[in-house]
Amino acid sequence: MTKKLTGNQIRQDFIDFFVEHGHTAVPSMSLVPGGDATLLFTNSGMVQFKDVFVGTDKRPYTRAVDSQKCLRVAGKHNDLDEVGRDDTHHTFFEMLGNWSFGDYYKKEAIEWAWQLLTDVWGLDKTHLWATVFKDDKGNIPSDEEAADYWRLQPGFQKEQVLYFGRKDNFWEMAETGPCGPCSEIHYDRGEKYCDKQDVPGHVCAVNGECTRFLELWNLVFMQYNRLGPDTLEPLPATHVDTGMGFERIVSVLQEVNSNYKTDLFTKALDVLRSLTSHTAAEMQADFTPYRVVADHTRSAAFLIADGVVPGNMGRNYVCRMIIRRAARFGAKIGLHEPFLAKVAEAVIAEYGDFYPELKKNQATILDNLTREEIRFARTVEAGTAQLENLLSELRAANQTTLDGHRAFDLYATYGLPFEISRDIAREQGLDVDEKGFTEAKEIHSKASGGGKAMGKLGGEDSEFFAGIFKQLQKNKKLGEHGVEYDPYTGTQVDKYTGLEVLALVVNGESVESASLDDQVEVILPKTGFYIEAGGQVGDTGYLRFLPAPVMGRGGGGEGGAWEIEVAGMRRASAGVIVHIGEVISGQPKVGDKAVAEVDLVRRHDIMRNHTATHLMHAALHQVLGEGAVQAGSLVAPDRLRFDFNQPEAMTPEQIERVEKIVNDAIAADMPVTFKEKSLAEAKKEGAMALFGEKYGETVRTITVADNDHRYSYELCGGTHLDRTSDVGAFLIVSEGSAAAGVRRIEAVTGRGAYELIAKRFKALKQTAGALKSSVEEVPAKVESLQDEVSDLKKELANLRSQQALATFDLRLSTVQTVKDVNVLAVEIPDSTVDTLRMLADKFREKYPKGGAAVLVTGTTVIAVVTEDLVKRGVKAGDLITGIGGKGGGRPNLAQGSLPEGQVKDALGKVAKAVEEKLK
Ligand code: ATP
Ligand code: MG
């Protein structure tokens with residue numbers, strides 16, 4: 001094989017090949033099979049064509065080709081146990097398929113499969129094996145037709161058709177209905193891929209125990225209709241349904257021994273490795289956590305893109321479980337902060353072109369991952385500690401299986417999914433009873449009216465909060481609009497003092513008081529905390545007990561004092577805004593009076609970044625044109641991130657101009673003003689509205705303007721500075737690609753800008769110090785050093801080749817004579833392929849006839865033989881393989897490699913290899 005195709009090219013090759021053969025390219029169906037209540041997830045290519053086979057659906061085509069998204073983590077197909085432990089099973093994977101609906105049949109299906117694998121992709125024909133059906137019960141005829149077609153394929157090794165029984169080679173959709181024999185294609189990766197080499201008596205075989213033979217592709221021929229356990233009738237029309245594991249074919253074509261070493265996973269694993277700071281070798285040494293995280297993140301990203309977010313039941317539970325399991329395996333390699341979003345970005349970058357739903361839902365995917373990690377992190381330690389206790393008890397009682405009901409309690413209380421409890425139990429040689437868990441889950445879900453009582457865990461608790469709202473309205477604690485929200489003018493503490501605690505929610509239940517360390521949700525009559533929206537992150541801060549004024553005594557220090565650290569905000573249902581936090585001291589009670597304090601330092605940083613975002617958006621329009629519209633935005637305290645439509649990378653000059661325009665706007669000290677308007681009016685006036693943002697009837701508009709000049713005008717619900725000068729300074733940190741046609745800028749302002757300048761300046765001073773120059777002279781100094789290095793490199797290369805020549809001349813005296821042939825076998829240390837080739841020419845000059853030489857440096861080997869010897873049967877490539885190497889080339893000159901550590905041995909075999917070939 002010569003060409004190394006990328007995964008994306010391989011997928012496209014497959015589709016193109018079948019389109020050329022009259023197939024219609026059909027998009028993948030969703031991972032959530034529409035209208036199929038029997039199936040949790042799409043688990044093979046045929047799901048979207050099931051009704052066509054049964055005859056209840058008709059398509060405008062009779063031949064189709066697709067790459068189907070599949071998930072095998074539930075029901076009949078559950079590969080979760082394999083994932084991470086092996087290199088060929090994933091939870092999510094793609095299945096490539098070609099389909100015939102009453103059109104072509106076995107002849108073409110086999111012919112085309114063969115052509116694609118061998119002609120188009122150049123797989124070695126001797127490595128391919130086919131299996132066909134032979135009934136182990138002796139009732140259904142053997143599929144000799146398929147076997148014969150295989151034997152007819154050009155270059156197919158006739159003895160490599162094998163017969164297997166019902167389990168492997170007969171496919172049925174259900175107890176009754178369409179079914180038929182199938183034919184699998186297996187690829188022999190070679191002896192060294194066997195993972196059972198140490199097992200005495202092991203023999204590698206197709207459908208065997210080891211990893212040498214890889215099942216690649218399954219061709220299903222539907223020709224029968226099953227009426228009952230023993231009755232088949234022929235179908236009126238026959239169909240073809242094929243499924244090839246995409247990741248597996250990519251691993252074969254890219255010649256790697258693991259799906260995870262294909263380019264499909266490179267980006268994700270690189271991100272992970274940059275987070276753990278492991279080297280590639282360290283990663284390989286403990287590959288399982290990497291495999292699990294990469295696999296699960298990919299699954300979660302695709303699931304969320306198809307609308308399945310983390311939750312408590314059914315599909316949503318699976319999404320939650322996968323994310324939590326990924327987080328736990330991440331912890332095994334030292335990742336504790338939320339990190340999955342970063343990995344998911346890499347997944348989206350790899351797959352977003354073919355599966356646009358990933359790009360479209362990028363923000364939702366990243367957001368859900370991070371939230372779920374945070375949610376899990378809050379309880380995981382308590383949960384695992386509790387589990388450890390249960391497991392110790394189990395061991396003490398000499399038992400091995402943990403009661404499923406108790407495992408469910410761990411889930412209900414600490415959010416520890418069954419699969420994670422089982423992982424942990426298994427790591428200690430114990431197990432968890434799955435049936436009991438499912439049972440307990442069902443009981444619980446019925447008792448609580450469909451999982452609602454699990455409250456916060458599910459995020460499906462809006463009815464619960466609507467109930468609280470109704471009650472508060474009835475008691476006249478809240479008006480019809482609910483909690484008053486003013487993050488704009490109202491961050492001052494004095495405005496938010498003396499607020500009554502209206503409700504406290506702990507673990508999804510309304511409580512009268514909360515205790516130390518409780519995760520609590522707090523409802524107050526009004527709030528100045530910003531709720532994450534429009535890219536601007538939510539506020540954090542504190543709620544504190546406000547002591548009633550007591551005569552002659554100051555506040556504080558009373559028995560009732562308490563404090564809640566607010567980590568985030570959410571709208572739990574219409575009219576209900578909750579502060580999400582943790583009790584860090586005391587015992588807050590419903591009815592207590594409180595002060596709500598936004599973390600103003602952090603908020604101020606956020607506002608700098610938000611106002612700067614507007615300034616930059618306007619600057620981008622000036623520099624790049626009106627097409628540079630916003631495609632996404634993040635406004636955080638430490639940085640701003642801005643995605644915008646732009647087909648190509650910005651030039652350094654453009655970036656500098658944008659930076660300058662923004663800093664000029666800052667220096668101009670313009671006022672930033674807001675006004676409420678009707679949406680229609682604001683749009684008519686040319687306010688920039690943001691893509692994908694939902695606006696109400698009345699909107700807030702933010703204007704940055706000089707006396708006579710309007711600099712920026714946007715619809716925006718975020719919080720802003722009063723004047724631009726308050727941004728301080730604005731620096732672009734990076735400009736890069738966010739997606740096809742979308743660029744991303746990250747920038748810092750204010751305190752962040754100062755920190756960046758200070759850091760860069762320090763590095764520059766250190767560099768100048770090391771170069772013994774002034775800061776101004778650094779560029780010139782570096783340039784001259786680079787010149788010097790490149791001269792030295794040239795000189796070194798020269799010296800090396802002279803040295804190689806000297807060694808070579810010396811070794812010419814070791815030429816052996818085998819029959820009448822001059823044979824040379826030498827190792828030239830520290831050399832290059834080019835030098836070896838030069839030496840090969842030297843050798844031929846010296847021995848224009850009757851000469852054969854093998855030259856090695858490192859493990860690279862070059863073999864050269866003179867023309868007369870080629871005619872006598874000695875080929876350069878054969879010399880390399882004859883001494884245990886791999887490689888090829890022309891008959892008189894070949895290049896290849898020798899196995900590590902066997903160079904000396906190999907060189908010793910050269911003379912014999914020549915002798916054997918000589919005719
Ligand atoms: P295996 O025995 O390897 O689990 P299978 O018999 O379950 O495979 P099929 O149901 O025939 O596989 O699916 C068709 C193809 O999909 C297989 O030939 C294989 O290449 C691929 N495949 C199956 N399961 C997975 C998985 N979990 N991850 C990646 N690829 C898979
Ligand atoms: Mg399987």
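Just so you know, ligand 1 is whichever comes first in the structure, and atom 1 is the first atom listed for that ligand. Just the heavy atoms: all of them, side chains too, but no hydrogens, waters or symmetry mates, feed the values below.
Scanning the protein for heavy atoms near atom 4 (O) of ligand 1, the closest one is His89 NE2, 2.6 Å. Nearest to atom 11 (O) of ligand 1 among the protein's heavy atoms is Asn218 ND2, 3.1 Å. Counting only heavy atoms of the protein, atom 8 (O) of ligand 1 lies nearest to Glu215 OE1, 3.6 Å. Nearest protein heavy-atom neighbour of atom 15 (C) of ligand 1: Gly243 O, 3.6 Å. Here the protein heavy atom with the shortest distance to atom 24 (N) of ligand 1 is Arg72 NH1, 3.2 Å. When hydrogens are left out, the protein atom nearest atom 21 (C) of ligand 1 is Gly245 CA, 3.5 Å; that is the closest non-hydrogen contact. Regarding atom 30 (N) of ligand 1, its nearest protein heavy-atom neighbour is Phe93 CD1, 3.3 Å. Of all protein heavy atoms, the one closest to atom 28 (N) of ligand 1 is His90 N, 2.9 Å.
The distance criterion of under 3.5 Å between nitrogen or oxygen atoms is met by Asp79 with respect to ligand 1. At a 3.5 angstrom cut-off on N or O pairs, Glu247 does not count as close to ligand 1.
Across Arg298, Arg11, Arg291, a single residue satisfies salt bridge (charged side-chain N to carboxylate O under 4.0 Å, His left out) together with Glu247, and that is Arg298. Here the options are Leu303, Leu31, Thr42, the test is side-chain contact (heavy atoms from CB on, under 4.5 Å), and the partner is Lys69; only Leu31 passes.
The aromatic rings of Tyr317 and Phe437 lie tilted to each other, with the angle between the two planes from 30° to 60°. In this structure, Tyr260 and Phe265 have tilted ring planes: the angle between them lies in the 30° to 60° band. By the 30° and 60° cut-offs, the orientation of the rings of His239 relative to Phe101 is tilted.
Taking a 4.0 Å cut-off on heavy atoms, Val83 fails to register as neighbouring ligand 1.
Residues Trp112 and Phe17 have side chains in contact (heavy-atom distance under 4.5 Å, counting atoms from C-beta outward).
For the pair Asp148 and Arg151, the salt-bridge criterion is met [side-chain N within less than 4.0 Å of a carboxylate O].
In summary, the atoms of ligand 1 found under 4.0 Å from a heavy atom of Met95, numbered by their order in the structure, are 13 (O), 14 (C), 16 (O). Using a 4.0 Å cut-off to heavy atoms of Thr88, the atoms of ligand 1 that qualify are 28 (N), 29 (C), 30 (N). Listed by number with element, the atoms of ligand 1 under 4.0 Å from a non-hydrogen atom of Leu216 are 18 (O), 20 (O).
In this structure, the side chain of Asp433 engages the main chain of Gly436 through a donor-acceptor pair within 3.5 Å.
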> Can you list the steps and then say if Tyr290 with Phe329 is a ring-ring contact (aromatic ring centres under 6.0 Å, His included)?
Replying inline: CA-CA 8 Å; Tyr290 280 92; Phe329 274 85; over 10 Å; no
